Amino acid sequence: MKGSKKNPNFKPHAAQPSDFIRAKVAADIVSDKYGGRVTTRFPPEPNGYLHIGHAKSICLNFGVAAEHQGGTCNLRFDDTNPATEEVKYSESIQKDVRWLGFDWEGKTRYASDYFEQLYVYAVQLIELSLAYVCDLSEAEIREYRGTVTEPGRQSPHRNRSIEENLDLFQRMRAGEFADGSRVLRAKIDMASPNMIMRDTILYRIRRLHHYRTGDEWYIYPMYDFTHCLSDAIEKITHSLCTLEFKDNREIYDWILRAVAIQNPPEQTEFARLNLDYTVLSKRKLIRLVEERHVSGWDDPRMPTLAGLRRRGVTPTAIRTFCDLIGVARTDSRIDIAKFEYCIRDDLNMIAPRVMGVLHPLRVVIENYPADSQEILEAPSYPHDVPKEGSRDVPFSRILYIERDDFLEDPPPGYFRLAPGREVRLRYAYFITCTDVKKHPDSGDIVEIRCTYDPESRGGRSPDGRKVKGTLHWVSAEHSVPAEVRLYDRLFNVPDPEDIPDGADFLTHVNSHSIVRLTNCRIEPSVLNDPPGIRYQFERLGYFVTDSVDSKADSLVFNRIIPLRDTWAKISGKRGRSEPRVEESMPKKKADKVPKHYLDQPPTSQHESAGVQLNYNGLSQEESRIIGGNTALIAFFEDALTAHDDPAAVAKWVINDVLGEISGGSVDSLPFSGVDLGSLVALVSNKTISRSTAKSVFSAMAVGGGSPSEIIERDGLTETFDAQSIEKAVKSTLATHPDKVNEYKRGRHGLMGFFVGQVMRETGSRADPETVKRLLRDSLS
RNA sequence: UGGCCCCUCGUUCAAUGGCAGGACUCCGGUUUUUGGAUCCGGCAAUGGAGGUUCGACUCCUCCGGGGCCAACCA
C-alpha cells in the first residue's frame with residue numbers, strides 16, 4: 001500500500017529478472033496489477049526445523065521483495081494444526097531466518113491471529129451456500145471421495161439448509177461435538193478430476209491446546225482454507241510455493257473468488273530443492289534424529305540450518321548457493337559439489353590460516369639445539385586474499401608433521417617428505433630427512449630424523465634452490481591438543497529416497513560420516529582467539545570450534561569442509577585420512593532411447609475418440625485433433641464461413657490457436673472463428689505475408705478485433721517490394737561485417753540470424769523467402 | 001488407470017520463433033612458500049517420431065520417461 005515503507009533487505013541495484021518468477025513479478029509491475037506493489041511471504045509451519053531447502057524459498061521470497069522499491073516479505077507461521085506445533089519451533093525458525101541474513105517487515109505474523117476473521121469468511125461461505133457441515137466419519141469421507149480414476153459421491157449432508165449449517169457450525173465452534181464428528185466442507189464438485197476439489201474440507205474439530213490461542217478454539221481451519229485467505233488478509237501479491245501445491249491452486253483461487261477478494265494474490269509454484277547425498281523431507285529428518293543416527297537437529301551433518309550453522313557453514317555461502325541454483329519448474333537434484341564450491345569460495349576469502357596436524361608424526365631436527373626455540377611470524381592470509389594480519393608460530397627441535405606427508409617409499413609424483421628428500425616447512429625452514437625410526441615390533445614409523453638449513457629461515461633459501469613440497473607442522477612442545485571431528489556426507493548414495501519397495505532409506509546412511517580424531521595438535525595462536533572463528537588449517541580444510549562441545553581447555557573442532565585435494569585424486573585415494581564412501585552411483589535418468597517407439601502408430605489409440613471430421617484436404621491427424629473438441633469444431637466451422645479452405649484454416653487452428661489457448665478453451669479467446677478465417681483469407685490471397693499474419697494473430701490474441709482493423713491500426717499494410725527488401729538486406733549486412741565474414745568462412749547457421757535481423761528491420765512485413773534469396777545472393 | 005506438471009552438456013540454470021550460452025563437475029596448462037586459490041583453454045546437451053514455418057529448444061500431435069494428487073497434514 002505505502003511505497004514509503006522501508007525494506008531492510010532492499011537491494012537498489014537488482015539484477016535483471018533471472019527466472020520465471022522474477023519475470024512474472026516484473027510483468028505485473030509493468031501492467032500495474034497490484035499498483036506496483038510487491039509483497040511476498042515465507043510461511044513455515046512451526047512443527048520442525050528449517051533446512052537448506054527452506055533456505056531456497058526464503059532467499060526467493062525475501063529476494064524478490066528486496067529487489068523492488070517498497071517490496072516486503074512477511075514471515076508468517078501457518079499454525080493451524082495444534083497437534084504438531086510448538087513455540088520452540090517458532091523461535092528457532094525466526095532465529096534461523098535472521099541468521100541467514102533476512103529481516104521481515106513489522107511483526108511476525110501468525111495464521112492463528114486470523115482465526116476470528118477466518119471464521120467470518122467460513123460463515124460467509126455457508127451463507128453463499130458454498131459450504132456445508134458434513135457428519136460423515138473420516139473413513140466415510142475417504143470412501144465417498146472416490147479415487148483418482150473414479151468420481152466420488154455426494155455427501156448425504158450436502159444439501160442441508162443454510163440455517164442448519166450456520167447453527168451446526170456455530171455449535172462446532174462452541175465445542176458441542178466430539179473430535180472428528182463433523183467437518184465443514186466446501187460445496188464444489190465430487191466428480192472433479194482434481195481430488196483437491198472434491199468438496200474440500202475447510203474446518204475440523206480438535207479439542208487440543210494450541211500453542212498460541214490456548215483453549216479458545218474447538219475448531220481449526222485447514223491449510224487450503226487458511227493459506228489463501230491469510231495471503232489475502234496480508235495483501236500478498238505473489239504467493240510462491242513448491243510444485244506439489246500445484247493442484248491446490250484451484251481451491252486457492254476458488255475460495256478467494258467465492259468471498260470476492262479484490263485484487264487476489266496469485267500462487268506460483270517452483271521446484272523444491274533436492275540435494276545429492278542428503279534427505280530434505282521433514283519426516284525423514286525426524287527419523288534420523290529420533291533413531292539416533294545423528295546427535296540432534298543441530299548435528300553438524302544435518303542439512304538443517306541449525307546443523308549447517310554448527311558445522312561452520314556461513315550464511316553467505318548458503319545465499320550464494322541459492323542464487324546459483326536458480327529457480328525453475330523442473331524437478332532437480334543439485335550436485336553437492338556446487339554447495340561445497342560455495343562454502344569454500346566464501347571461506348577462502350574470510351578464514352584466517354593456522355596450522356594444525358591431524359595425525360601427528362614426530363620429527364626431530366637433529367641440528368637444532370634442544371634448548372633453543374624461536375618465534376616465526378606467519379601471515380594469516382595468503383598473498384591472493386586482500387586481508388591483513390599475522391600470528392606468531394613457535395619453532396623448536398621437536399615437531400609434528402602430518403603422517404601422510406612422509407612416505408618411506410614414495411610413488412612417482414609424490415613431492416612431500418621421504419628419506420633423503422628436502423622439503424619446506426611452511427613459514428619456517430627447509431628440512432632434509434636423514435633417518436626413519438620404526439617400532440621394533442610393529443615396524444610402524446614412530447619418528448623421522450631431519451636436519452634443517454639455518455639459511456632457509458622463512459622458507460626461502462638464499463642460494464635459490466627450490467623444493468617442491470611444503471608441509472604444515474606444529475612445535476611439539478608449544479602446540480595445543482584438540483579433538484577434531486571430520487564429517488562426510490550422511491548417505492552413501494546420491495538419492496537416498498530412491499529405494500526399492502519395502503526398503504528403508506536408513507540403510508543408506510554412511511557409517512563413516514563422522515570420524516573423531518583425538519590426538520590432534522594445533523598451533524597455539526588459536527588460544528588467543530574467541531571461539532567461533534572459522535579457520536583454514538593450511539593444506540587440510542576449513543574448521544571451526546564446536547559451539548556445544550569445545551571448551552577453552554579442551555578444544556573441539558568441526559571440519560566444515562576439506563580443501564580440494566588434487567593429490568588425493570591423482571594418487572587414487574579419496575580424502576586425506578578417513579575412509580570415504582564409495583564412488584557416486586550413476587544417477588537415475590530416463591532411458592534416452594525408448595525401446596518400443598515403433599510399436600504403435602501414433603493415432604491408433606485415439607481413432608475412436610471424438611468426431612471424425614470430413615473435410616477435403618485435412619489429414620487424418622488434423623481432423624482427429626479438431627474433431628476431438630466440440631468447441632474447436634464450432635470455431636473451425638465459423639472460420640470456414642469467412643474462408644472456405646479447410647486445409648489452410650485447419651493448420652492455423654491446430655498450430656496457432658491451440659498454442660494460444662494452451663490447454664484452455666477457445667471460448668476464452670478475445671476473437672472469433674470468423675476473425676481467424678478472414679486472417680487466413682488475407683494470407684491466401686497474398687494481401688499480407690504469413691509472417692505479417694503472425695503478428696496480426698498475436699495482436700488479436702491480446703486485444704481481439706478483426707484482422708483488417710488491426711492491419712489498419714498498426715500500419716501493417718504490405719509495403720515491402722523486392723527493392724526495399726534489398727535495401728534492408730544491404731543495411732543489415734553492413735552493420736554486421738564480422739558475422740558476414742564468419743558466414744563466408746562457413747558458419748552457415750548465421751543465416752537465421754541475418755533473416756531475423758532483416759525481418760526485424762522490416763517489421764516482419766517482408767516476405768521471408770525473398771529475404772532469404774536476396775541474402776544468399778549477397779553472401780555468395 | 002483420471003487430472004495436472006516436467007524433460008537442454010555429467011549436474012543445474014539460460015536462449016521476444018532467428019548465432020544453443022553461463023555456472024558447477026571433469027580434463028589439460030599457467031601460477032604458487034597451501035597438491036588451496038588464481039588465470040587461460042578444452043570436453044560436453046535440446047528424450048523420440050511426425051507436423052506447422054523461410055527458420056523450431058521454443059508452436060501443434062503422438063510416443064517414451066519422470067513427478068504430484070485419493071490426511072479431518074502443510
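The shown structure was predicted, so the numbers you read here are calculated from the model rather than taken from an experiment. Values below: every heavy atom of this structure, side chains too, minus hydrogens, waters and symmetry copies.
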A.B. asks: CG of A:D199 versus P of B:C72: gap in Å, rounded?
C.D. replies: 13 Å
A.B. asks: Which nucleotide wins on minimum distance to the side chain of A:K772, given the candidates B:C13, B:C54, B:U11?
C.D. replies: B:C54
A.B. asks: I want to verify a distance call: between B:C72, B:A14, B:U34, whose nearest atom is closest to the A:D19 side chain?
C.D. replies: B:A14
A.B. asks: Write down the distance between CG (A:D565) and C1' (B:U25), rounded to a whole number of angstrom.
C.D. replies: 16 Å
A.B. asks: Over all strands shown, is A:I625 touching base, sugar-phosphate only, or nothing at heavy-atom distances under 4.0 angstrom?
C.D. replies: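 It contacts sugar-phosphate atoms only.
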A.B. asks: Side chain of A:N655, base of B:G51: donor and acceptor closer than 3.5 Å?
C.D. replies: yes
A.B. asks: Tell me whether the NZ or CZ atom of A:R424 lies within the 45° cone about the ring axis of A:F430 and under 6.0 Å from its centre.
C.D. replies: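 That pair does not qualify as a cation-pi contact.
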A.B. asks: Could you tell me the separation between the CD atom of A:E340 and the P atom of B:U25, rounded to a whole number of Å?
C.D. replies: 9 Å
A.B. asks: Hey, does the side-chain of A:D247 have a donor or acceptor N/O within less than 3.5 Å of a partner on the base of B:G3?
C.D. replies: yes
A.B. asks: Indicate, with a heavy-atom threshold strictly under 4.0 Å, whether A:R206 touches base, sugar-phosphate, or nothing.
C.D. replies: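 If one applies the 4.0 Å heavy-atom cut-off, A:R206 turns out to touch a base.
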A.B. asks: For A:D323 and B:G22, what is the distance between atoms CG and C1' respectively, to the nearest whole Å?
C.D. replies: 15 Å
A.B. asks: Look at A:Y223 and B:C73 and indicate whether a side-chain polar atom (N or O) is within less than 4.0 Å of OP1 or OP2.
C.D. replies: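 Answer no for this pair, as no side-chain N or O of A:Y223 is under 4.0 Å from OP1 or OP2.
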A.B. asks: Under 4.0 Å between a side-chain N or O of A:R344 and OP1 or OP2 of B:U38?
C.D. replies: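 False: A:R344 side-chain N/O out of range (4.0 Å or more) of B:U38 OP1/OP2.
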A.B. asks: Counting side-chain heavy atoms from CB outward, which of B:A70, B:C24, B:U34 is closest to A:T147?
C.D. replies: B:A70
A.B. asks: Does A:R690 qualify as a cation-pi partner of A:W652, given the criterion of NZ or CZ under 6.0 Å from the six-membered ring centre and within 45 degrees of its axis?
C.D. replies: yes
A.B. asks: Any base atoms under 4.0 Å from A:M349, or only sugar-phosphate, or nothing? Heavy atoms, all strands.
C.D. replies: nothing
A.B. asks: With heavy atoms under 4.0 Å as the rule, sort A:I654 into base, sugar-phosphate or nothing.
C.D. replies: sugar-phosphate
A.B. asks: May I ask you to say what A:L136 touches in the nucleic acid, namely base, sugar-phosphate or nothing, with a heavy-atom cut-off under 4.0 Å?
C.D. replies: base
A.B. asks: Determine: side-chain N/O of A:T566 to OP1/OP2 of B:G36, distance under 4.0 Å, yes or no.
C.D. replies: yes
A.B. asks: Would you say the side chain of A:K282 and the base of B:A74 hold a donor-acceptor pair, judged only by whether the two atoms sit under 3.5 Å apart?
C.D. replies: no
A.B. asks: Looking only at side-chain atoms of A:K569, point me to the closest of B:C27, B:U52, B:C72.
C.D. replies: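 That would be B:C27.
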A.B. asks: Indicate, with a heavy-atom threshold strictly under 4.0 Å, whether A:V327 touches base, sugar-phosphate, or nothing.
C.D. replies: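 The answer is sugar-phosphate, as A:V327 gets under 4.0 Å only of primed atoms, P, OP1 or OP2.
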A.B. asks: Hey, is A:R272 close enough to A:E244 for a salt bridge, meaning N to O under 4.0 Å?
C.D. replies: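 Looking at A:E244 together with A:R272, the answer is yes, because their closest N to O distance falls below 4.0 Å.
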A.B. asks: Does a nitrogen or oxygen in the side chain of A:R747 sit under 4.0 Å from OP1 or OP2 of B:C19?
C.D. replies: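 No, because none of the side-chain N or O atoms of A:R747 sits under 4.0 Å from OP1 or OP2 of B:C19.
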A.B. asks: Send over the distance from A:F177 CZ to B:C72 P, rounded to a whole Å.
C.D. replies: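 So the two atoms are 20 Å apart, to the nearest Å.
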A.B. asks: Report the nucleotide, chosen from B:C5, B:U53, B:C72, that has the shortest atom-to-atom distance to any side-chain atom of A:K246.
C.D. replies: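 Closest nucleotide to the A:K246 side chain: B:C5.
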A.B. asks: Does A:R207 make a side-chain N or O approach to OP1 or OP2 of B:C72 shorter than 4.0 Å?
C.D. replies: no
A.B. asks: Considering only B:A70, B:U52, B:A74, which nucleotide approaches the side chain of A:F245 most closely?
C.D. replies: B:A74
A.B. asks: Could you check how far OH of A:Y89 sits from P of B:A74, rounded to whole Å?
C.D. replies: 16 Å
A.B. asks: Quick one: label A:Y427 by what it contacts on the DNA or RNA (base, sugar-phosphate, nothing), any heavy atom closer than 4.0 Å.
C.D. replies: base
A.B. asks: Do A:T268 and A:F20 make a side-chain contact, defined as non-hydrogen atoms from C-beta onward lying under 4.5 Å apart?
C.D. replies: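 Yes, at least one pair of side-chain atoms sits under 4.5 Å.
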A.B. asks: Measure from the side chain of A:L658, starting at C-beta and using heavy atoms only, and say which of B:C60, B:U34, B:C73 lies closest.
C.D. replies: B:C60
A.B. asks: Which whole number of Å gives the distance between the P atom of B:G28 and that of B:C43?
C.D. replies: 15 Å
A.B. asks: Report which part of the nucleic acid A:R198 touches: base, sugar-phosphate, or nothing (heavy-atom distance under 4.0 Å, all strands).
C.D. replies: nothing
A.B. asks: Give A:G413 one of three labels, base, sugar-phosphate or nothing, depending on what nucleic acid heavy atoms sit under 4.0 Å from its own.
C.D. replies: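 If one applies the 4.0 Å heavy-atom cut-off, A:G413 turns out to touch a base.
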A.B. asks: On the nucleotide B:C73, are OP1 or OP2 found under 4.0 Å from the side-chain N or O atoms that A:R204 carries?
C.D. replies: yes
A.B. asks: Between A:F169 and A:Y203, is a ring-ring contact (aromatic ring centres under 6.0 Å, His included) present by the stated rule, with each step listed?
C.D. replies: CA-CA 9 Å; A:F169 187 51; A:Y203 271 88; 5.3 Å; yes
A.B. asks: I'd like the C1' distance from B:G66 over to B:C26, given in whole Å.
C.D. replies: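 26 Å, rounded to whole Å.
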A.B. asks: By the 4.0 Å heavy-atom rule, please label A:G752 as base, sugar-phosphate, or nothing.
C.D. replies: base
A.B. asks: Which listed nucleotide (B:A74, B:A14, B:U25) is nearest to the side chain of A:N81?
C.D. replies: B:A74
A.B. asks: With respect to the side chain of A:E769, which nucleotide from B:A23, B:C54, B:G2 is positioned closest?
C.D. replies: B:C54
A.B. asks: Is it the case that B:G35 (base atoms only) and A:R416 (side chain only) share a donor and an acceptor within less than 3.5 Å, ignoring hydrogens and angles?
C.D. replies: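 Answer is yes: a donor-acceptor pair is held.
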A.B. asks: Pick one for B:A71: is it syn, with its angle within 90° of 0, or anti?
C.D. replies: syn
A.B. asks: Less than 4.5 Å apart, any side-chain heavy atom of A:Y743 and any of A:F754?
C.D. replies: yes
A.B. asks: Taking atom types as they are modelled, would you say the side chain of A:D384 forms a donor-acceptor pair with the base of B:G36 within the 3.5 Å cutoff?
C.D. replies: yes
A.B. asks: Counting only side-chain nitrogens and oxygens, does A:T470 get under 4.0 Å of the OP1 or OP2 atom of B:U32?
C.D. replies: no
A.B. asks: With P as the reference atom in both, quote the distance from B:G64 to B:C54 in angstrom, rounded to an integer.
C.D. replies: 32 Å
A.B. asks: Once you apply a heavy-atom cut-off of 4.0 Å, does A:E138 come out as touching a base, just sugar-phosphate, or nothing?
C.D. replies: base
A.B. asks: Under 4.0 Å, counting only non-hydrogen atoms across every strand here, what does A:N248 touch: a base, just sugar-phosphate, or nothing?
C.D. replies: base
A.B. asks: Do A:Y535 and A:Y542 pass the ring-ring contact (aromatic ring centres under 6.0 Å, His included) test, and can you show the C-alpha distance, the side-chain angles, and the key distance before you say yes or no?
C.D. replies: CA-CA 6 Å; A:Y535 297 101; A:Y542 297 96; over 10 Å; no
A.B. asks: Please classify the nucleic acid contact of A:L425 as base, sugar-phosphate, or nothing, using heavy-atom distances under 4.0 Å.
C.D. replies: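 It contacts nothing in the nucleic acid.
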A.B. asks: Record whether the side chain of A:R353 comes under 3.5 Å of the base of B:U34 through a donor-acceptor pair of N or O atoms.
C.D. replies: yes
A.B. asks: Which nucleotide wins on minimum distance to the side chain of A:F753, given the candidates B:A70, B:C24, B:G18?
C.D. replies: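 It is B:G18.
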A.B. asks: Examine B:C60: is either OP1 or OP2 under 4.0 Å from a nitrogen or oxygen in the side chain of A:R624? Give yes or no.
C.D. replies: no
A.B. asks: Could you tell me whether the side chain of A:E622 has a donor or acceptor atom within less than 3.5 Å of a complementary atom in the base of B:U61?
C.D. replies: no
A.B. asks: When all nucleic acid strands are considered with a 4.0 Å heavy-atom cut-off, which category describes A:T80: base, sugar-phosphate, or nothing?
C.D. replies: sugar-phosphate
A.B. asks: Would you say that A:T80 contacts A:M222 through its side chain, given a criterion of any heavy-atom pair below 4.5 Å between the two side chains?
C.D. replies: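 No, side chains not in contact.
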A.B. asks: Over 60° means perpendicular and under 30° means parallel, so classify the ring planes of A:Y223 and A:F245, tilted if in between.
C.D. replies: tilted
A.B. asks: Under 4.0 Å between a side-chain N or O of A:K468 and OP1 or OP2 of B:U32?
C.D. replies: no
A.B. asks: Starting from P on B:C54, measure out to NZ on A:K694 and report it in whole angstrom.
C.D. replies: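 Atom-to-atom, A:K694 to B:C54, this comes out as 10 Å.
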A.B. asks: Rounded to whole angstrom units, what separation is found between the CD1 atom of A:I196 and the C1' atom of B:G2?
C.D. replies: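 Atom-to-atom, A:I196 to B:G2, this comes out as 14 Å.
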